[in-house]
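A short write-up of the structure that comes next.
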Amino acid sequence: MEQTQDNKRTFTAHSAAEAMKAKIKEVWERHHHCEKKRILRAQVTVEGLDLLAWLGAQTHNIRIYFSGRDHEDLEVAGIGAVDIIDCYDHLNYKKTFKHMKQFLSSDLPHLRYYGGFSFRQGTPDEEWRSFGTARLIIPRFELLKDPNHQCTYLVCNLIPEKDTLPTVMEELETIVFNSIPRFHSPGKPLSRTDNPNHRGWTENVQREVDYIKRDRYQTVLARKVDLMFENQIDPVALLYFLKQLPTMRYDFMFQFESCCSFIGSSPERFYKRKGRKLISAAVAGTRSRGKKEQDDHQLAEELMHSDKERREHDFVIQTMIEGLKPLCTTMEVEPKKGLLKLNEVQHLITHLNGILKDGVDDDRLIETLH
């Protein structure tokens, strides 16, 4: 694996394409003859490029975005794909991660696959067909902001075994660098359809209450809402407006076809792994935020002392412990519940840390927690 970059120069948006063209040629001429299948990364430092604005100007079918919750996390916008993993039926986690490991390496700390896995196995519904049971990609081109070095990089990923230099150069020519879009709200929806409707929702609630009376368990009801707008919806614009909310979240967009995007903004992290160290958290139990500090404090106290909310939270903790304990040599659960305060709501949160047993990898963690 190889990553080459020019740390001595910072290029403007106007000169970024030419700088990247030269860097791709340099990487290709030096390494394309290697028989081992691997990722090459050509990288140049650029300035004056906002990631969402840059992504919004691109017309590629495949576009991705990710920014982390913590200040040291990367922010990445990507277009195209140099490698794609997809599944539309029963997912084999071990096989999927084995494929990823042939490219991922500590030598390339910023190289990542972007996408996700479905909680439910089997053929996806029609509206989720674009995402399958699993779909993950390594973008062809990335605009990457590294907060640790306070730099923004333009990156091109190549696989010499699959790519040709002319094709990569043609793809580079399709990137727009100097157009800054103005993001517009889609406006008010023309119609809204809830599935289930009010009657169906009431029946679902009553059915679950009857189940709970007979047994002790937690359930989470959900519904699908269809909104119809007059104008075409710009997924990057929606993400832009979500990011205006002053809350620490994981913001993401996955667009694998021009007609369909998956956008999210979540405070929760499934887990984080550093070598054998596992970091996760249970987040459950909710109250709204108060408009005044006194109201906010009162709502927080209600949440912390609510028997119903604490029992709900304990169900989540117990489920996580039962799943993760067999995979760990040691596990520590935070003794006291804390508060995770977001812009609109606040949650109970309990942190869990563990040391994984030898041989336990991400495929087993995800399959267990799913």
Side-chain angles (χ1 to χ4, degrees), residues 5-6 9-24 41-68 73-82 84 110-112 114-115 130-131 135 137-147 150-158 167-187 229-245 249-265:
Q5 59 185 7
D6 192 337
R9 294 189 60 187
T10 299
F11 299 93
T12 64
H14 181 73
S15 60
E18 287 302 314
M20 178 52 73
K21 186 181 295 185
K23 186 58 61 176
I24 291 172
R41 278 169 72 87
Q43 179 171 297
V44 295
T45 307
V46 295
E47 65 178 5
L49 283 176
D50 176 87
L51 270 67
L52 278 180
W54 177 83
L55 188 63
Q58 312 309 317
T59 59
H60 298 70
N61 288 339
I62 296 178
R63 297 187 297 177
I64 65 97
Y65 176 87
F66 177 85
S67 63
D73 289 338
L74 297 178
E75 181 184 6
V76 180
I79 55 175
V82 65
I84 299 176
H110 293 166
L111 178 63
R112 299 175 179 176
Y114 296 91
S130 177
F131 308 99
R135 196 151 200 196
I137 70 162
I138 294 177
R140 167 67 79 195
F141 295 100
E142 302 171 26
L143 199 59
L144 183 152
K145 185 176 290 186
D146 181 357
Q150 297 184 335
C151 289
T152 300
Y153 303 110
L154 176 65
V155 181
C156 176
N157 295 305
L158 309 96
T167 299
V168 176
M169 290 301 185
E170 287 178 10
E171 292 181 35
L172 177 62
E173 294 293 331
T174 65
I175 302 178
V176 177
F177 285 101
N178 298 312
S179 175
I180 301 177
R182 294 186 63 184
F183 295 118
H184 298 282
S185 166
F229 293 88
E230 181 178 1
N231 300 316
Q232 184 76 17
I233 298 174
D234 180 356
V236 183
L238 290 183
L239 192 61
Y240 169 80
F241 290 116
L242 278 173
K243 288 183 70 65
Q244 304 312 302
L245 299 173
R249 305 171 310 271
Y250 296 95
D251 296 319
F252 59 86
M253 184 191 86
F254 305 129
Q255 177 184 304
F256 301 129
E257 297 176 3
S258 60
C259 63
C260 191
S261 300
F262 179 28
I263 304 165
S265 184

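Keep in mind that this is a model prediction, so the values were computed, not measured.
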key: Neighbour count >12 (heavy atoms, 6.0 Å) for atom CZ, F177   = yes
message = Applying salt bridge (Lys or Arg N to Asp or Glu O under 4.0 Å) as the test, list every pair that has at least one member in residues 252-261; sequence neighbours left out.
response = R129-E257
remark   = d(K145 NZ, L49 CG) to nearest 0.5 Å is 9.5 Å
Sole candidate of R41, R63, R112 that passes salt bridge (Lys or Arg N to Asp or Glu O under 4.0 Å) when paired with E142 = R41
query = What heavy-atom pair brings K243 and S67 nearest, and what distance separates the two atoms?
reply = NZ-OG, 3.0 Å
key: Partners passing side chain to side chain donor-acceptor pair (under 3.5 Å) against E47 (at least two apart in sequence or in another chain)   = none
request  = For R140, check side chain to side chain donor-acceptor pair (under 3.5 Å) against everything at least two apart and list the hits.
outcome  = D163, E171
query = OG of S265 to CG of L242: how many Å apart, nearest 0.5 Å?
reply = 5.0 Å
Inter-residue atom distance I138.CD1 - Y114.OH, 0.5 Å rounding = 9.5 Å
message = Can you give me the closest heavy-atom contact between S185 and F241, atom names plus distance?
response = N-CE1, 3.5 Å
key: I79 side, atom CD1; F141 side, atom CZ - distance, nearest 0.5 Å   = 6.5 Å
task = Kindly check if the number of other-residue, nucleotide or ligand heavy atoms within 6.0 Å of CD (Q244) is above 12?
result = yes
Contact summary for I137 and I62, nearest pair of heavy atoms = CD1-CG2, 3.5 Å
remark   = What one should report as the nearest heavy-atom pair of G264 and L239 is O-CD1, 4.2 Å
message = Take a 6.0 Å sphere around CD1 of I180 and say whether it holds more than 12 heavy atoms from other residues, nucleotides or ligands.
response = no
Gap between atom CD of Q43 and atom CG of N157 - 0.5 Å precision = 9.5 Å
inquiry  = Quick check for you: to the nearest 0.5 Å, what is the distance between E170 atom CD and T174 atom OG1?
reply    = 9.5 Å
task = Answer yes or no: is there a side-chain heavy-atom contact under 4.5 Å between C156 and L172?
result = no
key: Set of residues satisfying side chain to side chain donor-acceptor pair (under 3.5 Å) with respect to S261, sequence neighbours excluded   = Q255
query = Listed by chain and number, what are the side chain to side chain contact (heavy atoms under 4.5 Å, CB included) partners of F252, not counting sequence neighbours?
reply = F66, F254, F262
task = Please list, chain by chain and in numerical order, all residues satisfying side chain to side chain donor-acceptor pair (under 3.5 Å) with E173, sequence neighbours excluded.
result = K21
